[in-house]
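Sequence lines set the chain letters: A, B, ... in the order given, protein chains first and strands last, and positions in each chain run from 1.
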Amino acid sequence: MRVATWNVNGLRSRLDFVKIWLRERQPDVVALQELKLEDDRFPRAELEAEGYFAAVHGQKAWNGVAVLAREKPDMVQSGLPGEAEFGSRLLTARVGGLTVTSLYCPNGKHVEHEDFQRKLAWFESLSDHLEATSMSTHPAIVCGDFNVCPQGIDSWNEAGKAGKIFHTREERRSFQNLLALGFIDLYRRQHPDRQAFSWWDYRAGSFHRNTGLRIDFLLGSSGVAEVREIEIDREFRKKQDGLTPSDHAPVWADIQI
DNA sequence: ATGTCGGATCATATCCGA
């Protein structure tokens, strides 16, 4: 089956673009982030016309996560326990034998900002939640926009950004704590030495200059038996039919459970 | 440092967050 994650940066503005990608890549399950809409504004009918049902945890204007699937996903968890005031950033759904979690981790803004410490606390809550639900012992994908560069290779400018947001020891420790629960960064395992980014700032011609970061991940539990292919879908960071892309590329993997 | 987006608002311009 093909599973994917994508921060779409506003689903209402991105819907036509997303439909082009769904038709082209034919994923079975898609975790979406940054919907920027309330549940009752989710475009269910249009996505069902494309062959996808959805579990949705939305919010007005900001955040918002969903799981799309060919068969109706069963909602398992809507929101990260104890972190509701930080917005709608977690949704877990069951699709057949696979448990899929869509995450939009806090940005943190910069290391002196109060949001930075809140970001670290949010990651602690996430680790606690994944452990309490024994997520790594199921066939599970935990995926989304983590807003962390796990290693130097994941940044276009590790030397210049050392200690800055997305590049701190504290964020990297938070990310490693997730992996230590029994998850694997499936892209990095498949491509250990490849520098590839999943996000490029809209500003300053970042995509053209390839000044990007790899911050979108598919984490697999040991129940994910095999990854046949995994790609960061850079083609869809480009305009399609004159439509504006998200600032994130989709990431997809063909897996067996 | 910040050239672009998406969304909200006492809207047709300005802000916030990313």
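- Arg234(A) and Asn210(A) make their closest contact through NH2-OD1, 4.0 Å (heavy atoms, listed as atom of the first residue, atom of the second, distance).
- Protein atom CH2 of Trp200(A) is 16 Å distant from nucleotide atom C1' of dC5(B), rounded to whole Å.
- Phosphate contact (OP1/OP2 of dT4(B), side-chain N/O of Ser206(A), threshold under 4.0 Å): absent.
- For Asn7(A) and dC5(B), the CG to P distance is 16 Å, given to the nearest whole Å.
- In this structure, Arg41(A) and Gly205(A) both approach DNA chain B, and ranking their closest nucleotides by distance from the 5' end singles out Gly205(A).
- Between dA13(B) and dA1(B), the two P atoms lie 31 Å apart (nearest whole Å).
- Contacts classified as ring pair (Phe, Tyr, Trp, His ring centres under 6.0 Å) and involving residues 157-184 of chain A (residues at least two apart or in different chains) are given here: Phe146(A)-Phe175(A), Phe175(A)-Phe217(A).
- Close to dG6(B), at under 4.0 Å from its OP1 or OP2, lies a side-chain N or O of Arg14(A).
- Between the CD atom of Glu38(A) and the P atom of dG6(B) there is a distance of 19 Å, rounded to whole Å.
- For the pair Ile165(A) CD1 and dT2(B) C1', the interatomic distance rounds to 17 Å; values are reported in whole Å.
- When every heavy atom of Ser222(A) is checked against every heavy atom of Ser136(A), the shortest pair comes out as OG-O, 3.8 Å.
- Here the separation of dT2(B) from dG17(B), taken at their C1' atoms, is 14 Å to the nearest Å.
- In terms of heavy-atom proximity, Gly144(A) sits nearest to Gln33(A) at CA-NE2, 3.4 Å.
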Going 5' to 3' along nucleotides 9-18 of chain B, which nucleotides have protein heavy atoms under 4.0 Å from the base (write B), which only from the sugar-phosphate (write S), and which from neither (write -)?
-> S------BSB
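- Nucleotides dC5(B) and dC10(B) are separated by 25 Å at their C1' atoms, to the nearest Å.
- Here Tyr104(A) is tied into one hydrophobic group with Met1(A), Val3(A), Val29(A), Val65(A), Val67(A), Met75(A), Leu91(A), Val95(A), Leu98(A), Val100(A), Ile141(A), Ile184(A), Leu186(A), Tyr187(A), Leu218(A), Val224(A), Val227(A), Ile230(A), Ile232(A), Val251(A), Ile255(A), Ile257(A), each link being a pair of ILVMFWY side chains closer than 4.5 Å.
- Comparing Pro245(A) and Ala204(A), the nucleotide of DNA chain B nearest to each residue sits closer to the 5' end for Ala204(A).
- The shortest heavy-atom contact between Arg237(A) and Ala249(A) is CB-CB, 4.3 Å.
- Within 6.0 Å of CD on Gln190(A) lie more than 12 heavy atoms contributed by other residues, nucleotides or ligands.
- Across the protein-nucleic acid pair, Arg209(A) atom CZ and dG3(B) atom P stand 12 Å apart, rounded to whole Å.
- To the nearest angstrom, C1' of dT4(B) lies 15 Å from NE2 of His208(A).
- One C1' atom belongs to dT12(B), the other to dA8(B), and the distance between them is 14 Å to the nearest Å.
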